[in-house]
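Structure first, commentary second.
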2 protein chains.
Amino acid sequence: MNHKTDNKKIGIKEIAKLANVSIATVDRVLNNRKDVSEKTRARVQAIIKENNYQPNLYARALSVKNNLSFAVLIPKTSSQTGYWDLCLKGIKQGVEEFSTFGINIDIFLYDQEDVRTFTKMSDDVLTRNFNAVVIAPIFISETTVFLEECKKRKIETIFVNSDIKGSSSLGYIGPDLRSTGRLAANLTSYLVQDKSKLLILNIARGLQNYAYLNTKIEGYVDYLNAMNRDFEIVNIDIPSNNYDEIAIDLLRHVGEFNPDLIFVTNSRVSVVGRFFNEFRHIRKPHIIGFDFLNENVEFLANGMIDFLICQRPDKQGYLALNYLYRHFLLKEEKENFKPMPIDILTIENYLFYEN
Amino acid sequence: MNHKTDNKKIGIKEIAKLANVSIATVDRVLNNRKDVSEKTRARVQAIIKENNYQPNLYARALSVKNNLSFAVLIPKTSSQTGYWDLCLKGIKQGVEEFSTFGINIDIFLYDQEDVRTFTKMSDDVLTRNFNAVVIAPIFISETTVFLEECKKRKIETIFVNSDIKGSSSLGYIGPDLRSTGRLAANLTSYLVQDKSKLLILNIARGLQNYAYLNTKIEGYVDYLNAMNRDFEIVNIDIPSNNYDEIAIDLLRHVGEFNPDLIFVTNSRVSVVGRFFNEFRHIRKPHIIGFDFLNENVEFLANGMIDFLICQRPDKQGYLALNYLYRHFLLKEEKENFKPMPIDILTIENYLFYEN
DNA sequence: TTCAGTTTCGTTAACGTTACCGAGTTGCTG
DNA sequence: CAGCAACTCGGTAACGTTAACGAAACTGAA
């Protein structure tokens with residue numbers, strides 16, 4: 001059962017020799033540039049295919065002295081959640097890694113509670129000459145305007161975190177939102193009995209800017225309704241970032257509704273954990289929320305939160321840059337990226353998360 | 001909030017100029033070789049640190065024309081489970097990727113039901129001159145003997161899939177087995193009520209060779225006992241690979257015990273799924289098992305299996321080779337690898353698995 | 001002082017690919 | 001047929017690092 005592997009990698013030089021041309025010509029057909037006749041192009045291509053030539057990406061990366069520059073346009077982290085810090089962490093890893101190739105990456109952080117900072121930043125981006133820009137599209141209409149400008153100037157665009165279907169030039173890197181909602185519902189169905197009361201909580205100031213949350217909620221509700229298990233589902237908005245304010249609202253809603261499970265539709269789930277940690281006399285429901293933030297993990301670890309659904313914001317950020325790198329440098333065509341995995345974290349596996 | 005990043009990467013050449021030495025000398029201190037005086041070594045090192053020099057790994061990989069060769073020594077896939085196929089898939093990905101660097105990788109597949117094939121293969125490995133060998137240590141005592149020989153010949157060793165603590169030279173790449181057991185118990189606790197009956201199933205011919213399964217079971221049982229929820233737990237071995245034989249045993253045990261949940265301790269969980277798919281009149285318990293195999297996913301998708309706990313065998317295989325690559329070529333020291341993540345798959349997120 | 005041996009260091013050719021520069025060829029116009 | 005553009009193609013220097021080779025400087029003993 002000894003499986004030998006003696007596939008000596010063939011280089012551009014050998015190809016050239018076999019085709020009886022110079023390496024420059026081989027390079028031209030490889031990168032399908034002009035300045036090569038159809039006849040020789042065909043001949044070289046045949047030999048390339050024949051010998052299963054694979055370019056040495058490292059040599060390529062070493063050789064090319066590009067002056068690519070990318071912009072990253074995402075919210076700055078708020079006082080209420082470290083979510084964007086994670087994304088930024090991934091971005092910075094990419095900045096570090098790709099600076100080796102002379103890629104310059106500038107990061108623009110806008111305030112997700114102030115649309116004017118977004119328009120300001122996006123204007124700034126346009127004054128410089130970027131080859132591509134990574135965008136977290138929070139403000140939908142403003143982003144659409146910005147995308148128009150990018151298109152005119154032939155600046156490639158790619159989304160992270162949420163998608164405006166079909167409007168960026170390079171697509172979207174992030175989780176399927178509807179599926180994350182369905183997954184939450186799936187877990188919910190294990191946690192509670194028939195006829196239970198389920199509370200959906202949307203917590204954040206300026207909720208009108210988080211249109212994508214509705215997709216999650218749809219997935220959640222549709223899944224549960226299809227089960228015919230007589231759940232009573234209530235959807236509540238708490239448009240605040242202040243714990244004390246939120247606590248007051250929570251006190252009222254939880255008191256009135258007395259839910260068996262709370263589904264927090266974003267990363268603010270730690271607030272709910274904190275609430276039940278303080279108000280011990282209130283019956284603690286099951287809790288499901290999002291994202292691997294320190295404050296969330298704390299309540300996962302002490303049993304307050306049952307499940308954390310994770311979309312790896314850091315990986316998202318990194319992958320977006322990685323995608324650009326591959327698009328520009330390695331010239332990989334690649335079908336539009338695979339969707340991000342959706343991870344489930346519990347008290348028993350969170351320690352091994354993050355790879 | 002504009003965050004500029006203008007860290008021009010400095011090269012070995014600039015370092016040489018700054019230190020007033022040749023690039024060869026810089027190279028010597030970088031790879032701390034001999035043939036350089038303590039004085040200049042210190043000076044160069046200072047300048048390296050000062051300028052935060054980071055070697056260009058791609059240039060290094062391009063330059064070095066090593067003749068490294070690794071061996072991989074894992075079980076061949078049996079008729080009963082595609083588990084090792086997955087691991088092999090990851091290995092092959094590594095073979096492909098690292099052949100660019102002139103690394104030669106030979107794969108030796110032994111029969112996990114026949115210890116003689118293992119000793120035969122491991123002897124074969126020793127006749128050749130490998131720099132390192134990746135081992136899945138199924139046969140503990142035989143592996144230990146083999147490791148002794150490797151140590152004598154200064155062949156590096158690294159484990160995948162399961163560990164014999166402290167006996168390989170480069171450590172272990174794989175999940176923490178006890179934690180996977182605990183995680184299964186954690187999910188179990190959500191799926192069933194107090195006083196439920198839980199059936200632990202160990203299915204495989206030659207079970208005596210799977211000592212590591214006990215670690216999983218310990219984690220599972222300990223976790224549940226600590227909950228004080230009055231579970232009735234039964235642990236059953238079915239030492240067979242034949243479905244008909246297994247079905248007979250299952251029929252008997254399930255009939256007698258009537259479990260509320262079955263925990264299959266390895267990847268053979270699809271057999272149990274098939275069983276309940278055929279015997280519709282028997283009350284189907286919840287089912288938890290391991291590994292992202294096609295046959296398992298099939299029963300996850302149709303609702304037979306509730307949770308699949310995944311240890312990414314393909315990633316394990318790839319990471320093992322990647323680790324060797326980094327150890328030999330990039331000379332990264334790196335603290336002994338992070339543990340593998342432990343993933344939870346349900347009917348709602350399996351589609352997005354595999355990245 | 002000489003000379004062999006050792007220690008320390010610099011020069012240079014690779015590694016596989018890219019891209020600039022310029023030389024040869026063809027085709028067309030006047 | 002001259003002249004000139006357009007099209008093909010080859011030569012070669014770079015990219016940052018490694019390693020083989022040999023030169024220089026130093027050591028110590030005769």
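Model, not experiment: these values are computed from the prediction. Here is the naming used below: chain letters follow the sequence lines, and residue numbers restart at 1 for every chain.
Distance from the side chain of B/Pro55 is smallest to D/dT17 among C/dT17, C/dC15, D/dT17.
Listed by first and then second residue, the side chain to side chain donor-acceptor pair (under 3.5 Å) pairs involving residues 37-50 of chain A are A/Ser37-A/Thr40 (not counting sequence neighbours). Judged as a salt bridge (charged side-chain N to carboxylate O under 4.0 Å, His left out), the pairs with a partner in residues 18-31 of chain A (not counting sequence neighbours) are, in order, A/Asp27-A/Arg33. Pairs passing the salt bridge (charged side-chain N to carboxylate O under 4.0 Å, His left out) check and including a residue from residues 163-176 of chain B, sequence neighbours excluded, do not occur.
Following rounding to the nearest Å, A/Arg60 (CZ) and D/dG16 (P) show an atom-to-atom distance of 18 Å. Atoms NZ (A/Lys39) and P (C/dT26) sit 11 Å apart, rounded to a whole Å. The nearest whole Å value for the distance from the CD1 atom in B/Ile12 to the P atom in C/dG10 is 12 Å. For the pair B/Ile15 CD1 and D/dT18 P, the computed distance is 13 Å after rounding to whole Å. Taking atom NZ of B/Lys13 as the reference point, atom P of C/dG10 lies 15 Å away to the nearest angstrom. Nucleotide D/dC15 holds its P atom 9 Å from the CG atom of A/Leu62, rounded to whole Å.
Residues passing the salt bridge (charged side-chain N to carboxylate O under 4.0 Å, His left out) test with A/Lys89 are A/Glu354, sequence neighbours excluded. A search for salt bridge (charged side-chain N to carboxylate O under 4.0 Å, His left out) contacts involving A/Lys152 returns A/Glu149, not counting sequence neighbours. The salt bridge (charged side-chain N to carboxylate O under 4.0 Å, His left out) test applied to A/Lys17 returns no partner, not counting sequence neighbours. Applying the salt bridge (charged side-chain N to carboxylate O under 4.0 Å, His left out) criterion to B/Lys120, with sequence neighbours excluded, gives B/Asp124.
Counting all heavy atoms, side chain and backbone alike, B/Tyr325 lies closest to B/Phe70 at N-CE1, 4.2 Å.
When the C1' atoms of four end pairs are superposed on the next four at each end of the helix from C/dT1-D/dA30 to C/dG30-D/dC1, using five pairs per end, the two resulting axes differ in direction by 60°, to 10°.
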Subject >> Base-contact (B) and sugar-phosphate-only (S) positions in nucleotides 8-13 of chain D, heavy-atom cut-off under 4.0 Å, - elsewhere >> reply: BBBBB-

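Side-chain N/O atoms of B/Tyr58 include none lying less than 4.0 angstrom from OP1 or OP2 on D/dT18.
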